[in-house]
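Data block below; observations after.
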There are 4 protein chains.
Amino acid sequence: MGGNPVIDMLGRRLRLGVVGGGPGSFIGGTHRQAARLDDRWEIVAGALSSDPEKSRSQGREIGLSPERSYASAPEMLEAERGRADRIDAVAIMTPNDSHFSYASLALRAGFDVICDKPMTNTLEEAEALLRLVLETGRIFCLTHNYTGYPMVRQAKAMIEAGRLGVIRLVQVEYVQGGKAKEDDPPPGPGQPWRFDPVRGGPSLVLGDIGTHAHNLLRFVTGLEIEELAAEVGTVVPGRRVHDFAGALLHLQGGARGSFWVTQAAAGVENCLGIRVSGTLGSLEWMQEVPQVLHFKPLDAPAQVLSPNGPDNFPLAIRSARLVKGHPEGFPGAFATIYSDAAEAIAARIAGLEPDPLALYFPDAGDGLAGLRFVSAMMESSRKGGAWTKPERG
Amino acid sequence: MGGNPVIDMLGRRLRLGVVGGGPGSFIGGTHRQAARLDDRWEIVAGALSSDPEKSRSQGREIGLSPERSYASAPEMLEAERGRADRIDAVAIMTPNDSHFSYASLALRAGFDVICDKPMTNTLEEAEALLRLVLETGRIFCLTHNYTGYPMVRQAKAMIEAGRLGVIRLVQVEYVQGGKAKEDDPPPGPGQPWRFDPVRGGPSLVLGDIGTHAHNLLRFVTGLEIEELAAEVGTVVPGRRVHDFAGALLHLQGGARGSFWVTQAAAGVENCLGIRVSGTLGSLEWMQEVPQVLHFKPLDAPAQVLSPNGPDNFPLAIRSARLVKGHPEGFPGAFATIYSDAAEAIAARIAGLEPDPLALYFPDAGDGLAGLRFVSAMMESSRKGGAWTKPERG
Amino acid sequence: MGGNPVIDMLGRRLRLGVVGGGPGSFIGGTHRQAARLDDRWEIVAGALSSDPEKSRSQGREIGLSPERSYASAPEMLEAERGRADRIDAVAIMTPNDSHFSYASLALRAGFDVICDKPMTNTLEEAEALLRLVLETGRIFCLTHNYTGYPMVRQAKAMIEAGRLGVIRLVQVEYVQGGKAKEDDPPPGPGQPWRFDPVRGGPSLVLGDIGTHAHNLLRFVTGLEIEELAAEVGTVVPGRRVHDFAGALLHLQGGARGSFWVTQAAAGVENCLGIRVSGTLGSLEWMQEVPQVLHFKPLDAPAQVLSPNGPDNFPLAIRSARLVKGHPEGFPGAFATIYSDAAEAIAARIAGLEPDPLALYFPDAGDGLAGLRFVSAMMESSRKGGAWTKPERG
Amino acid sequence: MGGNPVIDMLGRRLRLGVVGGGPGSFIGGTHRQAARLDDRWEIVAGALSSDPEKSRSQGREIGLSPERSYASAPEMLEAERGRADRIDAVAIMTPNDSHFSYASLALRAGFDVICDKPMTNTLEEAEALLRLVLETGRIFCLTHNYTGYPMVRQAKAMIEAGRLGVIRLVQVEYVQGGKAKEDDPPPGPGQPWRFDPVRGGPSLVLGDIGTHAHNLLRFVTGLEIEELAAEVGTVVPGRRVHDFAGALLHLQGGARGSFWVTQAAAGVENCLGIRVSGTLGSLEWMQEVPQVLHFKPLDAPAQVLSPNGPDNFPLAIRSARLVKGHPEGFPGAFATIYSDAAEAIAARIAGLEPDPLALYFPDAGDGLAGLRFVSAMMESSRKGGAWTKPERG
């Protein structure tokens with residue numbers, strides 16, 4: 001992430017308009033930090049809340065000019081289209097049920113889009129959105145941010161380069177404790193949108209973290225899931241949404257796998273982990289210590305790889321900002337997604353070819369794959385764990 | 001493991017006869033070290049090989065007297081029955097397909113038995129063996145040695161004491177790389193018994209390590225598996241035996257779980273691990289660093305527990321020999337199983353009550369549960385992952 | 001680091017002018033990321049190189065306007081003083097021998113200053129600079145960035161709150177391998193400034209990393225070094241600069257300590273570590289895994305503390321941007337220094353009281369303490385390890 | 001540790017008589033387990049206490065025959081000399097101040113000796129004991145047990161093989177919390193012998209653990225300390241014995257080092273650690289996780305080595321009993337010392353050449369080096385940290 005290819009190509013930073021993510025929102029702050037870190041974006045416009053008044057005042061709170069602190073996303077899109085210094089892209093960080101409509105509006109208004117995951121709440125929306133992306137020819141970046149970690153990209157690059165040989169076994173898990181309490185949410189009206197199956201999506205755990213785990217598996221291994229046998233359910237009493245999901249997997253090429261996600265593991269912080277074994281060795285990575293990648297070759301000593309350390313592949317190197325031994329963490333990984341998308345957008349504007357290594361950010365195809373996975377998981381679970389093929393192609 | 005309750009009760013050590021486990025065998029050396037470590041056993045007799053000549057000579061190689069280096073197990077049992085200083089128990093460490101016959105012989109000859117896992121190769125044998133144990137009234141100890149680790153026992157004790165609240169989620173995995181190579185075993189005649197489905201049992205991976213993982217789950221949580229949806233199979237080409245197995249689990253009390261075992265994860269050493277989450281927190285343990293137990297309470301800092309460190313429960317304390325900070329490892333855990341069995345046997349001989357904490361070694365009931373689990377796994381896998389209830393009661 | 005107190009207080013971001021740190025510089029990129037992350041600073045002016053042409057062009061490369069891409073720091077200071085939208089502060093990230101002159105110029109020109117460490121190359125300069133800071137009444141922030149890690153601040157807060165009781169023992173080490181090679185730098189002219197004892201300071205290892213280790217010890221424990229017995233020297237042949245230093249320490253209140261720093265430990269990345277033991281327990285932290293703090297109480301289980309996890313103190317909480325389990329790393333720690341300085345500066349401008357927790361960034365007094373420490377280390381070493389008192393007060 | 005070279009050479013186990021280490025003693029149980037584990041020793045005689053009655057009864061408690069449960073060590077030595085089945089060696093595990101007299105008695109009576117560390121309490125005794133060993137030609141094994149860990153031996157072998165190149169930097173520390181409390185020991189008469197400067201030696205911390213750290217440094221690096229600048233002292237108030245010691249080191253060949261030991265680090269368990277850096281990389285090992293050795297090569301990925309894993313040297317392999325992934329811990333390391341000594345003694349008795357790899361157990365020369373180190377540490381400390389040369393040759 002050295003240099004600034006956006007300024008190099010355009011002589012300026014890209015201009016971003018944000019939808020959602022007001023000051024109190026964790027994900028909003030995270031997106032805006034990610035946009036700022038590598039200095040490829042200026043956040044110049046926003047519609048931060050579905051409440052028009054709040055939307056305007058929160059825009060000013062995060063430092064937008066009053067004139068570009070809009071009352072709503074449609075207003076922003078309309079006004080920005082008419083400006084000479086119009087925004088280059090729209091970033092969407094709203095509750096899941098509105099991703100589809102905001103993204104569609106932005107694409108139709110001619111903007112590139114950066115969108116939080118899951119891409120949509122339903123498979124139908126995901127299919128429609130991918131079609132729209134293809135029709136409009138805009139860039140669509142989905143923030144499966146964990147794929148931005150240097151050591152996740154190193155794992156992908158090592159597998160692409162054949163360091164593991166043929167992939168045989170994959171384990172992926174995403175275990176959290178954030179929704180372990182029975183009184184979370186407290187009963188009664190006014191529950192957070194995530195706990196409402198309509199707004200948060202048909203399966204909270206799958207939308208929230210299952211799609212991350214699924215995307216990580218696909219990103220690292222380069223393999224699709226051909227069949228799965230799953231259970232999706234709820235272990236915390238009194239809850240209308242899913243808080244765990246497990247599956248056995250058949251992957252392309254004959255590999256077998258295990259999948260396990262939950263938000264009800266009391267006391268666990270954020271254990272998104274993956275182990276991939278091939279004929280030549282295994283790789284292990286875990287998000288709580290993202291600065292290390294364990295490589296266990298078949299007949300040689302285990303290795304501990306680190307960002308910008310020895311034997312890093314170009315894809316890993318370009319996503320690490322610091323010299324070795326200086327861990328970066330979550331914000332850097334998230335920023336890599338934003339910065340790669342910026343490089344792709346700037347290249348398009350400048351009529352240049354982007355660095356091919358900039359094109360590893362997740363896109364609408366990945367988003368659709370995620371929704372198809374969620375759909376297949378739920379179908380298999382309904383059928384008592386019957387082997388089920390996620391839709392493909 | 002301080003003091004020597006066997007000498008205290010009997011004024012002497014117990015006398016052990018061993019079946020199998022000649023000098024070249026990993027498991028044989030391991031059993032004998034386990035018997036020696038706490039000085040509760042003298043190994044005085046043996047039939048170490050199915051080849052009579054080798055059996056006699058190998059007995060002398062491990063330091064047995066010529067007269068008690070027997071040509072075969074039946075010879076040993078017959079001869080020992082007639083001696084004043086006859087052995088007190090028989091330890092069986094032969095290939096899996098002979099456990100049943102040797103154990104039956106020993107029990108019928110009136111000896112207590114220590115037997116390597118899996119208890120038998122078939123469910124029918126396991127049922128018959130348990131009946132025989134009950135009929136003869138002998139002590140039967142199954143060496144699911146991983147339950148001897150102080151921190152595994154601490155986990156069990158913490159859960160028994162309610163420290164996790166109600167159990168909701170369990171993940172257990174046993175991942176090894178020892179059978180990752182395609183040329184292991186080399187094709188042709190003379191393959192090791194483990195790779196022969198008849199001698200090694202119907203499912204290599206389940207017999208070898210799956211029963212350990214299953215036993216660990218039951219030991220730590222105190223819960224039985226009510227239903228499972230499984231796949232058992234082979235990822236290394238050209239192999240007649242299973243090298244991976246996965247399952248989703250329904251446990252007693254409504255807990256949900258994931259199970260994953262394989263011996264084909266190239267480069268991985270011996271990752272037997274468990275994570276248990278209850279309403280009040282989670283516990284995590286992994287065999288490669290057995291001296292630590294991670295306890296993650298719901299709303300308090302994560303703890304790292306260690307043998308004989310603060311907050312150890314009596315069950316953990318009695319299985320640790322050293323002051324804190326002095327890790328013991330695998331031999332100590334294995335020895336704990338032998339030493340507890342010794343205490344139970346000595347108490348029986350002396351007509352005394354054993355320490356109740358000595359009675360946590362796995363027994364024939366655990367062995368039968370293991371075979372029932374293997375059977376249910378294979379049945380579910382044959383039925384395309386259908387939810388299947390292991391036999392109970 | 002939630003909210004944006006600078007915008008809250010001033011209705012705008014602070015404006016920063018940078019001196020040094022052109023596009024190829026590691027530390028330049030690091031400073032600018034730190035300034036951007038929390039959106040409290042706009043980098044609007046710069047003099048990035050001692051070469052006037054390069055200085056102007058590099059300013060534009062990092063996105064400055066041509067008119068504020070200055071040829072030199074004096075030019076920048078002069079021009080900015082006359083602007084209505086003048087910069088609020090100057091950030092200095094030049095080779096060590098120029099810190100003093102640039103900082104003095106900036107202070108005299110009426111600007112607040114953020115300066116890379118070591119504050120100066122000589123003790124005399126450090127004394128003069130502190131006097132100038134006091135005379136001018138400007139805010140001076142020294143980027144001992146490691147004190148910005150949430151878990152370092154948690155350690156400090158725990159000790160301030162008495163969680164360790166009376167401090168008895170301290171070990172601090174900073175071990176790197178970056179200068180382990182004999183041909184680093186290659187012989188001949190044009191060596192990097194760090195390897196020139198005049199430009200890089202009298203002791204490379206002490207200036208580069210020794211002052212960080214010293215500052216970390218003082219920050220975490222709150223104790224000054226009363227006496228030290230030291231050796232400072234060179235283990236890589238053919239080098240004119242120091243590459244290791246060790247010392248025994250007498251600290252305030254009778255605590256004893258050990259100090260060890262080197263840049264010649266081949267293969268080691270960036271092991272800045274500290275262990276502090278008091279009457280009630282010990283704390284351990286290491287920079288390569290900065291997201292964990294080990295707390296080992298006297299008679300209770302060891303704890304693993306994490307940012308925004310249970311039992312975090314306010315000082316730690318305000319320096320963590322994310323929910324628990326999302327590691328931040330080095331850029332976040334560096335940004336905390338910039339953001340706290342911004343809060344202090346904005347409060348001064350607004351005539352408000354800053355949050356007292358914003359005032360933990362290192363200042364000129366800390367910088368002088370660092371130079372006094374370097375001086376005492378070298379004096380003790382020259383005197384054959386004689387106990388030597390760093391100047392105080 | 002496969003096979004049983006003692007039985008192979010002698011057709012029997014070696015017979016051991018023990019002095020000290022009654023049932024309640026940690027170190028006694030440890031020695032006896034170490035003797036039993038590899039089945040090379042039978043413990044057949046003992047004088048377990050300085051109280052004659054207790055000595056006899058405790059012998060029987062640990063399973064000795066009444067006739068060989070002696071009242072005192074002299075009685076044992078006298079009686080055993082006259083037996084046909086006399087003991088082959090004497091193992092001494094008494095308080096430090098009696099090591100010299102018991103070892104001298106045993107050597108003079110013609111027995112080989114295994115002795116706990118420190119070898120003696122005073123330098124003069126150590127010199128006299130080494131002379132006696134040389135005069136009598138007996139084997140003398142000093143139980144610096146930490147050198148028995150496979151990964152410590154791997155480190156030694158890697159350095160001997162040149163994997164680190166020329167050694168430049170060494171850090172060794174031994175940090176414990178066992179003596180952190182002010183009321184340990186409680187004031188008044190009847191204090192444990194360790195807290196009595198006469199019985200426990202002139203410096204508790206140096207005798208107890210400092211000699212271990214010193215021996216580990218010498219064993220791993222193969223280098224002697226040429227000069228040291230030290231402080232030895234007490235941080236816990238009201239104590240007559242030392243509880244910390246630190247030093248800077250000059251090693252053979254120009255390497256520099258740091259040494260730090262304490263028993264007053266509240267909450268720390270047993271952190272004996274070493275880092276060695278040479279021109280080609282660094283090695284790191286720590287006793288609390290003894291099953292891993294970190295190797296950080298200069299320009300290649302860091303490695304995690306494990307017992308019987310890839311790239312193990314023969315010296316490491318022979319000290320590991322189990323297949324990789326099965327950690328052994330402290331008892332195995334201690335047993336390796338006993339088993340190697342047994343192999344050397346059996347070879348002497350049989351008139352055979354022992355395996356050269358059996359001869360890495362610490363001996364009287366190592367014991368003398370330890371006492372010389374203690375003496376130099378105390379002299380340097382008395383002289384205000386003056387560089388002091390430990391006696392050599």
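Being a predicted model, the structure only gives us computed values, none of them experimental. Lettering follows sequence order; numbering is per chain, from 1.
- Using modelled atom types, no side-chain atom of D:Ser282 and backbone atom of C:Gly267 make a donor-acceptor pair closer than 3.5 Å.
- Nearest heavy-atom pair across C:Leu298 and D:Ala180 is CD1-CB, 4.2 Å.
- Per-residue counts of heavy-atom pairs under 4.5 Å with chain C were compared for D:Gly254, D:Gly281, D:Gly165, D:Ala229; the largest is that of D:Gly281.
- Once rounded to the nearest 0.5 Å, the distance linking CG of D:Leu248 with CZ of C:Phe259 reads 11.0 Å.
- Of the atoms belonging to C:Leu280, it is backbone heavy atoms, and not side-chain ones, that fall under 4.5 Å from chain D.
- Across D:Ala302, D:Ser258, D:Gly278, D:Gly385, the residue that shares the most heavy-atom pairs under 4.5 angstrom with chain C is D:Ser258.
- Each of C:Glu182, C:Glu231, C:His294 has some count of heavy-atom pairs under 4.5 Å with chain D, and the biggest count is that of C:Glu231.
- With contacts defined as side-chain heavy-atom distances shorter than 4.5 Å, the pair D:Trp260/C:Glu173 does not qualify.
- Within the 4.5 angstrom heavy-atom criterion, only side-chain atoms of D:Glu284, from C-beta onward, approach chain C.
- Taking the side chain as every heavy atom from C-beta outward, D:Lys296 and C:Glu269 never approach each other to under 4.5 Å.
- A 4.5 Å side-chain heavy-atom check between D:Asp299 and C:Lys181 finds at least one atom pair inside the cut-off.
- With respect to chain C, the highest number of heavy-atom pairs below 4.5 Å among D:Gly257, D:Ser380, D:Ala230 belongs to D:Gly257.
- Only the backbone of D:Ala247 comes within contact range of chain C, judged by heavy atoms closer than 4.5 Å.
- Looking at D:Val276, there are no atoms closer than 4.5 Å to chain C (heavy atoms on both sides), in backbone or side chain.
- Here the shortest heavy-atom pairing between C:Arg275 and D:Val268 reads NE-CG2, 4.3 Å.
- Just one of C:Asp243, C:Val175, C:Val235 meets the side-chain contact (heavy atoms from CB on, under 4.5 Å) condition when paired with D:Leu169; it is C:Val235.
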